[in-house]
Number of protein chains: 2
Amino acid sequence: MKTISPGGRTDLTKQKATSFDIAHLAGVSQSTVSRALRNSPLVKAETIELVHKIARQLNYKVDKHASSLRSQQSATLALLLFEDPTSDDSLINPFFHAMLGSITRACAKQGYDLLISFQQLSDNWTGDFADSHKADGLILLGYGDAIDYQPKLKQLEEQGTPFVRWGPQMESTCGIAVGCNNLQGGFDATAHLLERGHRRIAFIGTASNHYPEFFQRYQGYVKAQVQAGVAIDPSLQQDAITNEEAGYQATLTLLERVNDLHAIFAASDLIAIGAMQALKERGYRVPDDIAVVGFDDIPVARFCTPALTTVRQDTRLAGEALVSSLIKQITGQPTAPATIDTRLVVRDSCGEVLGARCEFLDPKSQSRGNRNYVLGSK
Amino acid sequence: MKTISPGGRTDLTKQKATSFDIAHLAGVSQSTVSRALRNSPLVKAETIELVHKIARQLNYKVDKHASSLRSQQSATLALLLFEDPTSDDSLINPFFHAMLGSITRACAKQGYDLLISFQQLSDNWTGDFADSHKADGLILLGYGDAIDYQPKLKQLEEQGTPFVRWGPQMESTCGIAVGCNNLQGGFDATAHLLERGHRRIAFIGTASNHYPEFFQRYQGYVKAQVQAGVAIDPSLQQDAITNEEAGYQATLTLLERVNDLHAIFAASDLIAIGAMQALKERGYRVPDDIAVVGFDDIPVARFCTPALTTVRQDTRLAGEALVSSLIKQITGQPTAPATIDTRLVVRDSCGEVLGARCEFLDPKSQSRGNRNYVLGSK
DNA sequence: CTGAAAGCGCTTACAG
DNA sequence: CTGAAAGCGCTTACAG
């Protein structure tokens with residue numbers, strides 16, 4: 001059975017329309033159609049309008065492969081996620097989920113398509129994405145051990161593949177990074193604990209250049225204490241990578257070594273969750289006996305018991321900064337590393353806050369009700 | 001400064017190698033190179049080997065656009081996520097995060113690239129992805145109101161765009177669906193509550209053909225009660241869409257209407273979380289006064305207090321089934337709707353389970369320790 | 001088993 | 001402001 005398209009054209013052939021079809025119908029050359037579709041200032045306004053109208057009638061869309069092949073750019077970015085051990089099946093650090101949404105939206109806004117894959121699925125990102133022209137550039141989310149990771153970045157840089165990564169900008173490191181202000185976040189979290197009278201504050205998370213984000217948070221932790229005149233006790237730091245189990249084990253180890261603990265600053269929310277579990281099992285009440293602060297404000301944080309006080313990173317800004325920095329590299333514009341502000345989100349894990357009210361009832365306003373104090377960093 | 005490539009070739013030009021370069025070096029024609037790279041049985045084994053060796057030396061990768069343009073297929077799928085109102089910035093239903101990981105992995109395994117976007121970002125998916133040859137087919141995750149959604153599916157079908165969607169297969173509906181066994185899941189959840197002696201069990205979630213997944217869960221809820229000889233009281237059902245606030249409000253409404261409630265079966269974990277919040281605020285203890293079961297087993301479920309008993313969907317299988325069904329459609333193989341089994345994950349929200357042990361300490365084995373009973377569906 | 005040739009559907013100098 | 005022509009880098013009949 002024939003179908004009649006909106007434009008009145010009899011649609012017998014399921015053939016996809018080409019720019020030549022439009023040229024024919026519009027009575028202009030195919031070159032002109034191509035220019036008109038891209039709204040070239042070289043083309044008369046009425047011609048542009050006519051071409052667009054016919055294109056719409058024919059359901060015409062520019063063939064991505066033909067245009068990319070000719071113009072030698074794909075208008076596509078590749079998001080390479082680091083596969084973490086996680087408690088669910090996703091193998092994606094929950095913090096990155098929010099990033100993923102904002103990166104997707106930022107790409108769409110800028111007219112780029114987004115390819116998604118896992119870093120571990122390939123040992124040659126340039127080959128798999130740039131050399132084959134699948135993507136014009138790469139966004140790297142997550143990395144495991146920063147030192148082990150270096151060679152991969154070096155390789156990308158040598159091969160001239162545009163890329164941007166989420167994380168701290170280090171001198172020793174390649175490429176452009178967009179990251180949050182870990183130092184400030186760590187400072188704010190620790191200052192909050194100090195203000196509440198805690199003095200023996202532990203840091204759980206690996207504080208070394210293998211985990212530079214954690215290291216910066218640790219430096220914020222140190223800075224706040226120094227500023228408050230509290231002596232730094234190295235035995236209060238305990239290594240852990242970012243998952244619940246590591247946080248749990250590290251806390252047990254810490255509790256065996258230290259017996260006058262006031263508070264824990266966990267380098268991530270996942271670590272904090274593991275820490276709270278360990279504290280409960282050892283008979284400590286949070287926050288009455290030991291207060292806990294996390295970092296990231298992943299969705300679980302507000303539903304823990306007690307709800308976790310933590311440091312929020314602005315994932316919307318972060319995603320936009322990553323995408324725009326990468327596009328600038330691709331298009332040859334100058335771009336610099338960016339740092340996104342953090343803010344402390346106060347919930348219940350550091351002490352009672354009166355008039356607690358459920359957070360999800362008004363997600364727009366973080367400060368509505370009495371429970372969520374959002375303290376911006378200075 | 002010159003760099004010498006591993007193959008010993010002086011790499012003065014940053015020019016990307018083409019199949020002609022390989023042909024020249026191998027002393028064969030470009031056609032032969034093309035065939036050799038795809039391991040065509042038409043080519044002599046030693047020629048294949050030689051071509052691959054040279055390709056490796058030159059860091060050669062087949063140009064995706066050139067090959068896709070010529071062969072008229074992109075070897076790319078597009079994952080279209082439905083943008084939900086969520087409590088974090090991601091706007092992605094947390095249940096879909098795990099799906100995303102498994103879909104990404106399944107695509108890679110099958111040699112397909114994966115494009116990701118939001119459904120709301122376009123009102124013409126065929127045009128934006130299929131007509132432009134960006135993707136050979138679409139995976140649809142989430143949909144809002146199923147009745148409002150129909151026209152979109154109808155349009156895809158009419159336009160001949162291959163697609164697959166996560167959700168229940170209905171007669172009235174277009175295309176191939178892959179979904180979980182909602183009926184069985186609803187049955188198991190309700191049976192679990194019945195076994196624990198509860199009789200006045202509420203269902204929170206919109207049970208209509210606008211939300212067919214919820215409706216099927218509701219039917220499982222009805223079936224279990226009928227089977228147990230419990231009369232169905234329609235006043236125990238309360239509409240809610242799948243977020244915490246809706247669950248919270250629905251529960252408050254329900255509590256005003258019903259005063260002898262034993263238990264709540266929430267149509268999703270997000271609803272269950274909102275429900276538990278409402279119960280707490282009204283002074284009910286979970287599970288002592290009122291038991292709660294959810295559905296989905298999102299990561300938050302295990303960290304709620306009490307930890308949420310819920311129905312888990314196997315996201316790894318689901319992702320694989322979605323991808324393989326779509327690829328079958330694309331390649332013209334027959335494919336049928338698939339249903340993935342569910343299983344009940346027993347935690348603390350329906351009553352004390354002795355010897356509670358922390359779940360994340362052994363994520364592989366859900367039944368280790370005494371806390372997580374995993375009951376397979378029959 | 002191999003090669004010469006056509007052509008996928010565009011964009012973009014080049015010429016007017 | 002417009003058109004004729006070249007060519008992006010492949011795959012795939014076609015001929016041998």
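For clarity, every value in this text was computed on a predicted model and none was experimentally measured. In what follows, every chain begins at residue 1, and chains take the letters A, B, ... in the order their sequences are listed.
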Any donor and acceptor pair, going by atom type alone, linking the side chain of B:Q73 with main-chain N or O of B:D136 inside 3.5 Å? no
Can you tell me if A:S19 touches the phosphate of C:dC10, counting only side-chain N or O atoms and a distance under 4.0 Å to OP1 or OP2? yes
Has B:Q30 got a side-chain N or O lying under 4.0 Å from the OP1 or OP2 atom of C:dT2? no
Is B:Q72 near enough to D:dT11 that one of its side-chain N or O atoms lies under 4.0 angstrom from OP1 or OP2? no
Would you indicate which nucleotide in D:dC1, C:dT2, D:dG9 comes nearest to any side-chain atom of B:V43? C:dT2
Searching all strands shown, indicate the nucleotide that pairs with D:dA4 (Watson-Crick or G-U wobble; both distances under 3.5 Å). none
Establish, with yes or no, whether the OP1 or OP2 oxygen of C:dT2 is under 4.0 angstrom from a side-chain nitrogen or oxygen of B:T47. yes
Measure from the side chain of A:K44, starting at C-beta and using heavy atoms only, and say which of C:dT2, D:dT12, D:dC1 lies closest. D:dC1
Any carboxylate oxygen within less than 4.0 angstrom of a Lys/Arg side-chain nitrogen, looking at B:E49 and B:K53? no
Let me spell it out: for each of B:V28 and B:S71, pick the nucleotide of DNA chain C with the closest heavy atom. Which residue's pick is nearer the 5' end? B:V28
Does any N or O donor sit under 3.5 Å from an N or O acceptor when you compare the side chain of B:R70 with the base of C:dG9? no
When the distance from CZ of B:R38 to C1' of D:dT11 is rounded to whole Å, what number comes out? 7 Å
Counting distance only, does the side-chain N/O of B:W125 pair as donor-acceptor with the main-chain N or O of B:Q119 below 3.5 Å? yes
Taking the P atom in each of D:dA6 and D:dT2, what is the distance between them to the nearest angstrom? 23 Å
Tell me what A:S67 touches on the nucleic acid: a base, only sugar-phosphate, or nothing, going by heavy atoms under 4.0 Å. sugar-phosphate
Measuring to OP1 and OP2 of C:dT2, would you say a side-chain N or O of B:S29 lies under 4.0 angstrom away? no
B:D21 atom CG is separated from D:dG9 atom C1', nearest whole Å, by 11 Å
With the side chain defined as heavy atoms from C-beta on, A:S34 is closest, among C:dC1, C:dT11, D:dT2, to C:dT11
Rounded P spacing from D:dA5 to D:dC1 in Å: 24 Å
Measure across A:S102 and A:T315 and return the closest heavy-atom pair with its distance rounded to 0.1 Å. OG-O, 2.8 Å
Using heavy-atom distances to pick each residue's nearest nucleotide on DNA chain C, tell me which of B:S31 and B:H133 is more 5'. B:S31
Between B:E83 and A:R105, does at least one N-O distance fall below 4.0 Å, as a salt bridge requires? yes
Heavy atoms only, 4.0 Å cut-off, all strands: where does B:R35 land among base, sugar-phosphate and nothing? base
